[in-house]
Each structure stands twice: as structure tokens, then as C-alpha cells.
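Order of listing sets the numbers, starting from 1, for every ligand and every atom in it.
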Amino acid sequence: MRLFLDTANIDHIRHGVRLGIISGVTTNPTLISREGKISYKELIQEICALVPGPVSTEVLAQEAKSMIDEAREISRWAENVVVKIPATIAGVEATSVLSQEKIKVNFTLCFSLNQALLGAIAGATYVSPFVGRLDDIGHNGIELVKEIVEVFSNYNFPAQVIAASLRHARHCIEAAKAGAPIATVPYEVLMQMIRHPLTDLGISHFLADWKRVMG
Ligand code: E4P
């Protein structure tokens, strides 16, 4: 299983990369806008230079032709950039064209197995089911991840599933159990994954015992 960071924050990305466990980054227009009014292209290029793996960033266009033009432009920003295309009918058309041109697509905002199937058949490199947003409306996001992983494996689709919209540490456990080859996690969730009160307590007991005897 690989872990990506779901953020556009440079400090968080630097830290994640330094930990040696982050092999990619996913962004979206909301995450980019949290970094203030900056040059979109420069920020993505900076992230791409920091990260030893794919960096997904999203088109803003809605129509197939303008999505394709925008994706072609984004694909020139860096070698490891991946273009996020939304799971719409225009997105399917754009994904088909872009994948023919060997431009890597992350088929995003996936909320159903059918959307994921169309993205994979169109040639997307990554397909991103949004777990948290499905849970938000009373559905089961992890069940969708399971279904997609199973069906892609039935057909040997090369598209890789990115479990996305993970909101807490439990989601990461469930994404791993569902067989997601990649999970993209917000920085705070990455920190939650390692934190355990018994580890902290254990360290302070060890230090106290050591000091009592050794001074
Ligand atoms: C993934 O590619 C998306 O950027 C992200 O996971 C969305 O998460 P959210 O539903 O918490 O905004």
C-alpha cells in the first residue's frame, strides 16, 4: 500500500517526504485555495520538485475540449504531474483522449462503481473514490472502495484505486483492509495514524525509571 498526502501545503509536504512514507500528493481547487492567492502553476511545480512520485492537480474546465486543453497545459508543468479529471461524461471523453496521449489522469470525484468503471475503461491511471463524502450522506464509502478494488482485479484493469476523502485514522485502517493500493490522507490524519497514548506513556515511564536509577 502506498500513502499520498492530500494537501497543497508546502510545509506539510516537506515533513511527509522527510518521514520517507509519502510517495505522492493529491490536491484539489479547495486545497490550493487554502494556500492563499498564489500562482497555481508555480505552487504545483514546487510540490512536484519536492515529491518523489505523482502529484495530482485538477482541471477547472467543465467541457471536454477545454478540459483536454487545460490538461495538456498542466501536463507540461512537471514530469510527475497527474491531471485530475472529474467523473462526468465530459470527463470520460477527456480521459479517453488524454490517456491516448499518455497523459496521466486521476479520475476524481468518483462516487459509484459505474463511474469508476468508465474511468478505468477510458484509460485513467488512477481512480479516486471519495470515502468521507459518501459517509457524509449516509452511504458507505469503504464498501465502494472494496467493490472497485475487486472489480478492477477481476478484469486486470491497470487503473490504480486511490482511497480519497479519508477523514480520520479509522478510514485509513478500513481502506487498507479493503485492499486499496493507495490512500491519500490529509496531514492531520497522517499524524493521527502514528499517535498512541500508550506509546507516549510508555516513553515517559521508561525515561522516569532510567532517571531514578542513572540520575
Ligand atoms: C482527493 O483527491 C481529494 O482531494 C480529497 O481526498 C477530498 O477530500 P474531502 O472530501 O475531505 O474534501
Side-chain angles (χ1 to χ4, degrees), residues 1-10 12-13 16 21-35 38 40 43-44 47-48 50-51 53-61 67 70-71 74-75 77-78 80-88 91 94-95 98 103-112 115-116 118-120 122 124-146 148-149 152 159-176 178 180-193:
M1 187 187 195
R2 289 192 289 154
L3 276 183
F4 290 2
L5 260 188
D6 194 32
T7 183
N9 182 277
I10 293 290
H12 291 170
I13 292 169
I21 50 172
I22 293 302
S23 53
V25 160
T26 52
T27 70
N28 62 42
T30 302
L31 294 173
I32 304 261
S33 70
R34 281 189 198 148
E35 302 311 304
I38 32 84
Y40 181 25
L43 179 63
I44 294 300
I47 297 173
C48 285
L50 284 174
V51 178
V55 173
S56 294
T57 199
E58 196 149 343
V59 294
L60 295 166
M67 273 183 193
E70 196 182 341
I74 290 173
S75 73
W77 291 355
N80 53 339
V81 82
V82 173
V83 187
K84 269 180 154 183
I85 301 282
T88 59
T95 300
L98 295 166
I103 292 175
K104 289 190 174 156
V105 169
N106 176 348
F107 200 65
T108 191
L109 286 165
C110 259
F111 295 97
S112 74
Q115 288 178 315
L118 296 190
T125 303
Y126 303 98
V127 168
S128 294
F130 274 38
V131 173
R133 292 190 193 194
L134 275 171
D135 289 0
D136 288 345
I137 59 160
H139 289 242
N140 188 333
I142 289 294
E143 273 309 309
L144 176 63
V145 173
K146 262 189 219 157
I148 299 174
V149 167
F152 282 15
Q160 297 171 63
V161 179
I162 304 181
S165 184
L166 302 180
R167 304 274 177 74
H168 47 72
R170 184 75 215 166
H171 270 157
C172 301
I173 292 170
E174 286 171 358
I182 303 167
T184 188
V185 293
Y187 180 78
E188 298 68 28
V189 175
L190 183 69
M191 295 302 118
Q192 284 172 6
M193 287 174 80

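- Distance from atom 8 (O) of ligand 1 to its nearest protein heavy atom, with residue and atom name: Ser165 CA, 3.4 Å.
- Partners of His139 according to the ring pair (Phe, Tyr, Trp, His ring centres under 6.0 Å) rule, which considers only residues two or more places apart in sequence or in another chain, do not exist here.
- The nearest heavy-atom contact from the protein to atom 4 (O) of ligand 1 is Asn28 ND2, 2.7 Å.
- Of all the heavy atoms of Ser128, none lies under 4.0 Å from any atom of ligand 1, so neither backbone nor side chain is involved.
- At least one heavy atom of Lys84 sits closer than 4.0 Å to an atom of ligand 1.
- The shortest contact between atom 5 (C) of ligand 1 and any protein heavy atom is with Asp6 OD2, 2.9 Å.
- Note: no N/O pair closer than 3.5 Å links Asn106 and ligand 1 by distance alone.
- The protein heavy atom nearest to atom 7 (C) of ligand 1 is Phe130 CE2, 3.6 Å.
- Summary of contacts: the protein heavy atom closest to atom 11 (O) of ligand 1 is Arg167 NE, 2.8 Å.
- Looking only at protein heavy atoms, the nearest one to atom 12 (O) of ligand 1 is Arg133 NH2, 2.7 Å.
- In summary, the atoms of ligand 1 found under 4.0 Å from a heavy atom of Thr26, numbered by their order in the structure, are 2 (O).
- Put simply, the side chain of Lys84 gets close to the backbone of Thr27: a donor and an acceptor are under 3.5 Å apart.
- Side-chain N or O atoms of Asn106 include none that pairs as donor or acceptor with a backbone N or O of Val82 at under 3.5 Å.
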